Amino acid sequence: MRRQIVAANWKMNLTLQEGEVLVKEICGGMPALAPHNTVVIAPPFTHIAMVSAGIAGKEQVASGAQNCHHEAAGAYTGEVSAAMLNSAGVAYVIIGHSERRQYCGETDAMLAEKVNLALANGLEVIFCCGEPLEVRDEQTQNQYVEAQLKAGLYHLTAEQMKHVVIAYEPIWAIGTGRTASTEQAQDMHAHIRQTLNAAYGDATATATPILYGGSCKPSNAAELFGCADVDGGLIGGASLKAAEFLGIISAMVGK
Ligand code: PGA
């Protein structure tokens with residue numbers, strides 16, 4: 001059975017103290033997870049140690065980071081490396097989020113370097129892709145997303161791909177309250193799986209989890225996760241409230 005993952009992306013939200021309360025509430029209310037379920041919590045860097053302590057002993061709950069730098073080490077003031085994340089006990093790192101592509105000028109070449117460093121340092125990668133609204137309006141989203149995956153990810157070997165999760169996040173659905181329909185999500189996820197098949201063959205295509213992200217909430221999670229090729233979600237706004245995040249986790253458990 002393919003891995004199913006619900007990952008919280010806190011973005012630049014919550015103080016350490018607020019985060020601590022949230023982690024307690026999430027862990028306290030966590031439903032029994034199926035063996036192939038994982039919950040990831042990706043707070044700001046300053047909160048990672050707190051999250052790791054809060055989830056200690058919960059085998060299927062892992063800590064994540066929202067980014068790592070594309071160089072291994074050096075004079076990059078304010079940056080955090082993949083090796084540092086590994087040394088801090090981080091299990092997952094989100095790479096290529098549209099907000100970082102857009103606001104921090106992250107290029108495909110930089111993302112490919114980040115992916116390489118993350119894997120070399122023992123991290124699991126959550127690689128984000130997704131088209132802006134104008135691309136969706138032109139109906140060229142399949143080519144757009146395929147190009148992102150080829151440029152940032154598909155240089156990896158099939159062995160390395162075992163440590164990669166793909167997150168499809170249409171930019172027009174992120175933080176907008178406008179969710180992709182189940183048909184739009186399923187169509188794109190099936191397309192992504194096809195590109196995996198073409199690049200790596202059936203085993204990798206079948207095993208790679210593909211998460212949906214973009215205004216996912218308890219009220220639409222079950223329907224989205226019910227799609228054959230949707231293997232969980234990357235959750236922004238709704239991961240900041242325990243009841244909402246727990247509702248989304250329950251939708252994964254119920255799939
Ligand atoms: P959202 O964000 O759930 O607030 O739309 C998702 C994401 O950007 O990962």
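Every number for a ligand or one of its atoms is a count from 1 in the order of the listing. Since the model is a prediction, treat every value here as computed from it, not as a measurement.
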Flag for N67-K114: side-chain donor and acceptor within less than 3.5 Å
yes

Hey, what polar pairs (N/O, under 3.5 Å) does ligand 1 make with protein?
{"from": "ligand 1", "atom 1": "2 (O)", "to": "K11", "atom 2": "NZ", "distance (Å)": "3.3"}
{"from": "ligand 1", "atom 1": "3 (O)", "to": "G236", "atom 2": "N", "distance (Å)": "2.9"}
{"from": "ligand 1", "atom 1": "4 (O)", "to": "G237", "atom 2": "N", "distance (Å)": "2.8"}
{"from": "ligand 1", "atom 1": "5 (O)", "to": "G175", "atom 2": "N", "distance (Å)": "2.7"}
{"from": "ligand 1", "atom 1": "5 (O)", "to": "S215", "atom 2": "N", "distance (Å)": "2.7"}
{"from": "ligand 1", "atom 1": "8 (O)", "to": "K11", "atom 2": "NZ", "distance (Å)": "2.7"}
{"from": "ligand 1", "atom 1": "8 (O)", "to": "H97", "atom 2": "NE2", "distance (Å)": "2.7"}
{"from": "ligand 1", "atom 1": "9 (O)", "to": "H97", "atom 2": "NE2", "distance (Å)": "3.3"}
{"from": "ligand 1", "atom 1": "9 (O)", "to": "E169", "atom 2": "OE1", "distance (Å)": "3.4"}
{"from": "ligand 1", "atom 1": "9 (O)", "to": "E169", "atom 2": "OE2", "distance (Å)": "2.6"}

Determine whether E223 and V230 make a side-chain contact, defined as any pair of heavy atoms from C-beta on separated by less than 4.5 Å.
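Side chain of E223 against side chain of V230, heavy atoms only: no contact under 4.5 Å found.
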
Heavy atoms of other groups near E159 CD, more than 12 under 6.0 Å:
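No.
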
For D137, enumerate each residue passing the salt bridge (Lys or Arg N to Asp or Glu O under 4.0 Å) test, keeping only those at least two apart in sequence or located in another chain.
none

Among H191, Q148, E131, the one residue meeting side chain to side chain donor-acceptor pair (under 3.5 Å) with Y168:
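Exactly one pass, corresponding to E131.
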
Which label fits H70 and Y76: parallel for a plane angle under 30°, tilted from 30 to 60°, or perpendicular past 60°?
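Rings of H70 and Y76: tilted, 30 to 60°.
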
